[in-house]
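Notes to accompany the following structure.
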Amino acid sequence: MSGPEYTKYFDTAEFKSRPDRASAAVNNVIDLGKRNLDWFKLINSQRPADQQLPLYTPELQSGIPVESPKAYNEQTVLADYDALIEAMPESYKEVLLGTEELPVDHPFASNDEEYLLWARKMDRVYQSASRWKIMQPNLSYLAARSPQDIRGYYFLSQIEDLSAQLLAWADLEAGTQSQYVEWLVLLCHNSYEQKDACRAELNDSIATNTVLSFYEKYFPQAEKTYNSFFAIRNARSDAVWTSVNPLLTLFPFIKPESLEVEKWLVDNIEDEWQWGDWKLKLNFLDENTGNAQQTTHIVFTPGATPHVDGLGGSTITMDANAPLQDYGSRWTIRHEYGHVLGLPDCYIEFYDTDREIIINYQIDLDNLMCSRRGKLQEKHYLELKKHYYSQN
């Protein structure tokens with residue numbers, strides 16, 4: 001989530017009903033992150049509409065690649081915060097760490113980019129601290145998700161002559177062997193085997209020169225796990241996509257009360273969900289038509305974290321406090337509609353019990369269902385056609 005989304009979530013009854021396990025130090029970082037956002041909001045409130053400062057832009061969505069996963073816990077959060085405060089200009093730090101009323105402008109005269117640099121850096125630390133605060137009570141659940149870590153499969157599947165290398169294991173350089181061991185253990189772990197057991201079995205395979213057999217034993221389940229992040233689950237039954245017009249798919253949608261919302265849905269969903277000459281079109285229906293609860297519809301709830309009620313679900317919940325034309329809102333509705341169609345998220349987050357740290361990454365930064373910088377891809381179109389196209 002973005003910084004403002006975390007702030008809104010912390011104000012919800014759902015969050016407030018949970019026990020707070022974050023340390024005082026982490027909560028202090030969160031308080032300062034909120035102060036940073038309050039200051040940003042105040043500054044923009046004094047500026048004309050055409051001179052608003054952007055905290056987020058599409059160009060700044062860098063993503064978290066599988067090659068460089070994010071790893072965080074209390075220690076990393078506090079280390080990042082300390083490093084930021086050490087580097088922060090005194091004029092910015094004085095306001096952020098102070099208790100005085102926030103000024104209506106930033107301290108860098110007309111240099112908005114200098115201000116945005118530090119506002120964004122503080123917001124990133126705030127996001128990490130907030131994420132840790134939210135996820136800390138769920139470490140056992142996150143640990144149980146570690147078999148979904150597909151990095152072993154991801155990297156091993158890119159090696160063209162892997163079988164030959166595994167057959168000649170003893171001839172590999174020590175550094176290559178060490179890297180392959182890490183990936184092979186993860187490959188085995190995709191079968192919900194414990195890592196220690198995987199490592200012991202792999203050591204036996206190395207001793208008996210049967211590493212290739214070890215790889216072939218665990219590869220199918222690892223491949224299945226990887227593919228599951230891109231496969232439609234619980235496909236809908238209300239699509240109209242036939243040979244009569246193979247380039248158009250109609251999905252019913254309950255007509256929202258606001259024409260502004262209807263236009264926003266069309267501008268974003270229909271703009272995103274198209275490939276080549278094929279287009280998806282929303283077929284707006286009156287609320288009294290058929291079973292409205294089973295037809296896709298949108299609700300706006302103040303402070304809500306945007307979501308769909310399950311893969312293939314029909315209720316899209318959006319935050320009523322988020323402006324429709326914000327980049328975050330526009331990207332979110334495009335992404336959430338993918339869940340309506342049955343597509344899962346393709347980012348991964350789990351707790352590594354060996355390192356005592358949460359790890360997350362996005363499998364494909366260019367994929368709409370993985371990353372905020374992602375777009376619709378041909379694989380989405382082909383998966384939709386597989387489940388929704390009928391030649392009747």
Side-chain angles (χ1 to χ4, degrees), residues 58-59 61 63 223-224 226-256 259-286 289-292 294-298 306-316 318 324-325 327-347 362-392:
E59 295 75 25
Q61 305 303 312
E223 183 178 46
K224 182 178 179 181
Y226 177 85
N227 289 337
S228 70
F229 286 100
F230 306 100
I232 285 178
R233 308 174 200 169
N234 193 31
R236 303 185 63 81
S237 61
D238 54 2
V240 178
W241 188 4
T242 70
S243 57
V244 174
N245 192 346
L247 298 180
L248 178 66
T249 307
L250 293 175
F251 276 96
F253 202 109
I254 296 298
K255 187 179 182 68
L259 289 176
E260 180 187 11
V261 172
E262 180 177 335
K263 183 177 185 304
W264 175 74
L265 290 168
V266 169
D267 289 346
N268 287 283
I269 294 175
E270 293 186 6
D271 174 71
E272 189 71 47
W273 291 89
Q274 57 178 303
W275 186 261
D277 294 328
W278 170 80
K279 297 181 183 298
L280 181 152
K281 184 174 178 60
L282 300 178
N283 181 24
F284 288 105
L285 304 175
D286 185 81
T289 303
N291 191 330
Q294 293 181 9
T295 302
T296 306
H297 55 282
I298 190 166
H307 65 278
V308 174
D309 58 332
L311 295 180
S314 297
T315 304
I316 306 173
M318 296 291 293
L324 291 179
Q325 298 308 323
Y327 167 72
S329 297
R330 291 185 286 111
W331 178 86
T332 297
I333 191 60
R334 295 165 184 244
H335 171 90
E336 295 300 331
Y337 193 74
H339 294 320
V340 170
L341 299 175
L343 287 162
D345 291 316
C346 46
Y347 52 81
Q362 298 153 351
I363 300 177
D364 181 357
L365 298 187
D366 296 323
N367 188 312
L368 172 69
M369 303 309 295
C370 302
S371 167
R372 282 182 179 260
R373 59 172 269 184
K375 298 291 184 182
L376 189 103
Q377 299 177 332
E378 184 179 20
K379 67 170 61 177
H380 296 119
Y381 163 72
L382 294 176
E383 185 69 8
L384 289 170
K385 189 172 183 179
K386 173 182 173 182
H387 289 270
Y388 291 113
Y389 179 69
S390 172
Q391 294 187 358
N392 296 332

| task | Could you tell me whether the side chain of F253 reaches within less than 4.5 Å of the side chain of E262, counting heavy atoms only? | result | no
| message | Which heavy atom of W275 sits nearest to which heavy atom of L376, and what is that distance? | response | CZ3-O, 3.6 Å
| message | Looking at F230, I'd like to know if its CZ atom is crowded, meaning that more than 12 non-hydrogen atoms belonging to other residues, nucleotides or ligands lie closer than 6.0 Å. | response | yes
| Would D267 and R330 count as a salt bridge (Lys or Arg N to Asp or Glu O under 4.0 Å) if you check the C-alpha gap in whole Å, the side-chain angles of each, and the deciding distance to 0.1 Å? | CA-CA 9 Å; D267 289 346; R330 291 185 286 111; over 6 Å; no
| query | Hey, mind stepping through E272 and H335 against side-chain contact (heavy atoms from CB on, under 4.5 Å) and telling me if it holds? | reply | CA-CA 9 Å; E272 189 71 47; H335 171 90; over 6 Å; no
| said: Using every non-hydrogen atom in the two residues, find where I298 and M318 come nearest and quote the distance to one decimal. | reply: CD1-CG, 3.8 Å
| remark: Nearest heavy-atom contact between L282 and Y337 is CD2-OH, 3.7 Å
| said: Can you confirm whether Y388 sits close enough to R236 that some side-chain heavy atom of one is under 4.5 Å from a side-chain heavy atom of the other? | reply: yes
| Minimum-distance pair of heavy atoms, taken over all atoms of L324 and S329 | O-CB, 3.5 Å
| request: Decide yes or no for H339 and L311: does some side-chain heavy atom of the first lie under 4.5 Å from some side-chain heavy atom of the second? | output: yes
| task | Please report the closest heavy-atom contact between Q377 and D366, naming both atoms and the distance. | result | NE2-O, 3.2 Å
| Judged by atom type as modelled, is there a donor-acceptor pair below 3.5 Å linking the side chain of R233 to the main-chain atoms of G312? | no
| message | I'd like to know whether E270 forms a salt bridge (Lys or Arg N to Asp or Glu O under 4.0 Å) with K279, so could you lay out the CA-CA distance, the side-chain angles of the two residues, the decisive distance to 0.1 Å, and finally the verdict. | response | CA-CA 7 Å; E270 293 186 6; K279 297 181 183 298; over 6 Å; no
| query | Ignoring hydrogens and geometry, is there a side-chain-to-backbone donor-acceptor pair from D309 to T315 under 3.5 Å? | reply | yes
| Student check: side-chain heavy atoms of L341 and L280 closer than 4.5 Å | yes
| field | Main-chain N/O of H380 paired to E383 side chain as donor or acceptor, under 3.5 Å | value | no
| message | Can you confirm whether K281 is buried at NZ, in the sense that more than 12 heavy atoms of other residues, nucleotides or ligands lie under 6.0 Å from that atom? | response | no
| field | Nearest atoms (heavy-atom pairs only) where P252 meets T296 | value | O-CB, 3.8 Å
| W278 versus L384: any side-chain heavy-atom pair under 4.5 Å? | yes
| query | Can you check whether T249 reaches K385 side chain to side chain, under 4.5 Å on heavy atoms? | reply | no
